[in-house]
Each structure stands twice: as structure tokens, then as C-alpha cells.
2 protein chains.
Amino acid sequence: MTGQDGGPRYDPRGADLVYMLIADDIAAAITAGRYAAGQRLPSEAALAEEYGAARMTVRRAVRELRERGLVRTVYGKGTYVLGPGQ
Amino acid sequence: MTGQDGGPRYDPRGADLVYMLIADDIAAAITAGRYAAGQRLPSEAALAEEYGAARMTVRRAVRELRERGLVRTVYGKGTYVLGPGQ
DNA sequence: ATGCATTTGTCCGTATGTATG
DNA sequence: TCATACATACGGACAAATGCA
């Protein structure tokens with residue numbers, strides 16, 4: 001990323017962060033249809049196991065997906081994939 | 001550090017840099033077996049306290065040890081002593 | 001209604017990574 | 001080199017919400 005003022009800038013959203021890698025991977029899975037709209041994602045604990053990461057890191061990834069508008073999280077139930085319409 | 005007016009105060013190649021002194025000391029401790037292979041080093045904060053230096057300086061020393069292949073650092077966990085085999 | 005399991009929410013402590021002054 | 005602040009990451013513990021038997 002380059003600033004308009006000419007100064008080189010560090011991209012803090014680089015994909016070399018664990019939570020970002022996980023978020024990208026899940027996002028790709030959603031795009032690929034491996035997680036259909038309306039379907040529930042595996043639990044945070046299951047995802048943590050799957051990715052070999054801490055649950056807090058998975059939560060950070062899910063938060064990223066939420067901010068991208070890809071999923072919706074319901075307390076006590078889970079995180080659900082949103083369709084293109086919503 | 002290089003003086004902007006009176007020339008360099010320290011020999012940039014010499015071992016009289018604080019981080020290098022610390023690195024050498026830890027390396028000697030590893031060689032002497034005071035830190036066994038597989039063992040975790042004290043945290044950067046603890047080492048900083050021990051050596052009376054800033055954490056950033058200790059980090060520089062640990063980086064030196066990493067570049068010498070003496071230790072391996074794991075994000076969020078610590079820095080571990082490597083055996084002769086690895 | 002009473003537990004019980006599952007899942008997300010929150011917090012704590014510790015440790016490393018990055019950035020700035 | 002130091003000092004500070006914040007982000008990222010791990011691991012654990014407990015609380016709150018949900019659903020089911």
C-alpha cells in the first residue's frame with residue numbers, strides 16, 4: 001500500500017498473521033461452497049483444533065469474517081454463513 | 001551508536017554492544033548447559049530484568065542467538081534452546 | 001423444572017511482534 | 001539504547017445462552 005503523500009506504508013492487514021490466514025482459508029471455503037449459506041461453521045473449539053491454533057485466535061478470525069459480512073454469530077448457537085443476499 | 005559530531009563511539013564490529021554482550025552471555029550459558037536443549041529461556045521481560053537492560057535490547061540479543069542457530073522462538077510461547085542436532 | 005452438553009462471551013496471565021518517540 | 005504502547009498469540013478458566021432429554 002502506498003500513501004498519496006509518497007511515503008511508503010506498512011500494510012497492517014498483511015496475510016502473514018495467523019488469524020488472517022485462518023480467516024482467508026474459511027472465506028475461501030465459503031466461496032468454494034464447502035460451507036453453504038445458512039450452514040453453521042464448526043465451533044470455535046473445533047476450528048481451533050482443525051487449524052492447530054488457540055481458540056482466541058480462531059475467534060479473531062471469525063470476527064474478521066464477520067466484519068467482511070460473510071458470517072453471522074449467534075450467542076450460544078454458533079456462527080452461520082450468510083448468503084450473497086444478506 | 002555513532003556520534004554525529006565526534007565520530008563513532010563504539011566499534012560497530014566489536015562485541016562491546018550491550019545486546020551482543022547479552023547474546024554472548026546467554027550463548028555461553030547454553031554451551032555450559034545451564035540452559036538445556038529443549039528448555040525455554042526466561043521470557044524477554046525476565047531477561048531484561050536480569051541483565052538490567054530494556055526488553056528491546058534483549059530482543060536484539062535473542063535475535064542474534066536465533067541467527068546463530070542456537071534458539072528457536074515461538075510466537076506467544078517463548079524462546080527455546082536448540083540441540084546440536086537441530 | 002432440572003439437569004446436561006454444546007457453543008459463544010469474557011477475562012486472566014504470560015509471551016512475542018511491531019511501532020513510535 | 002531506552003521507554004512506552006498496542007497488537008498478536010497461546011492456554012486456561014469461568015460465565016452466559018441455547019437446546020435437548
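In what follows, every chain begins at residue 1, and chains take the letters A, B, ... in the order their sequences are listed. This structure is a prediction, so every number in the text was calculated from the model and none was measured.
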**Message:** Can you tell me whether the side chain of A:Arg55 and the base of C:dG9 have a donor-acceptor pair closer than 3.5 Å?
**Reply:** yes
**Message:** Does B:Ala45 reach a base, just sugar-phosphate, or nothing at all? Heavy atoms under 4.0 Å.
**Reply:** nothing
**Fill in**
Taking D:dA9, D:dC10, D:dT1 as options, the one with an atom nearest any side-chain atom of A:Leu17 is D:dA9
**Prompt:** Could you write out DNA chain C as a dot-bracket string, with dots for unpaired bases, | for bases paired across to another strand, and Watson-Crick or G-U pairs counted at under 3.5 Å?
**Reply:** .||||||||||||||||||||
**Asked** What is the nucleic acid contact for B:Val74, judged by heavy atoms within less than 4.0 Å: base, sugar-phosphate only, or nothing?
**Response** sugar-phosphate
**Message:** Rounded to whole Å, please give me the gap between CZ in A:Arg60 and C1' in C:dT8.
**Reply:** 17 Å
**Nucleotide of D:dA3, C:dT16, D:dG12 approaching B:Thr73 most closely (side-chain heavy atoms)** = C:dT16
**Complete:** Sorted by chain and number, sequence neighbours left out, salt bridge (Lys or Arg N to Asp or Glu O under 4.0 Å) with B:Arg55 holds for B:Glu44
**Asked** What nucleotide among C:dT8, C:dG17, D:dC10 has an atom nearest to a side-chain atom of B:Tyr75?
**Response** C:dG17
**Message:** Taking any heavy-atom pair under 4.0 Å as a contact, classify B:Arg40: base, sugar-phosphate, or nothing.
**Reply:** sugar-phosphate
**Message:** Quick one about A:Arg66 and A:Thr73 (side-chain donor to acceptor, distance below 3.5 Å, no hydrogens or angles considered), yes or no?
**Reply:** yes
**Asked** Going by heavy atoms in the side chains, are B:Ile22 and B:Leu47 under 4.5 Å from each other?
**Response** no
**Request:** Walk me through it: do B:Arg34 and B:Asp25 pass the test salt bridge (Lys or Arg N to Asp or Glu O under 4.0 Å)?
**Result:** CA-CA 11 Å; B:Arg34 293 206 297 282; B:Asp25 194 72; 5.1 Å; no
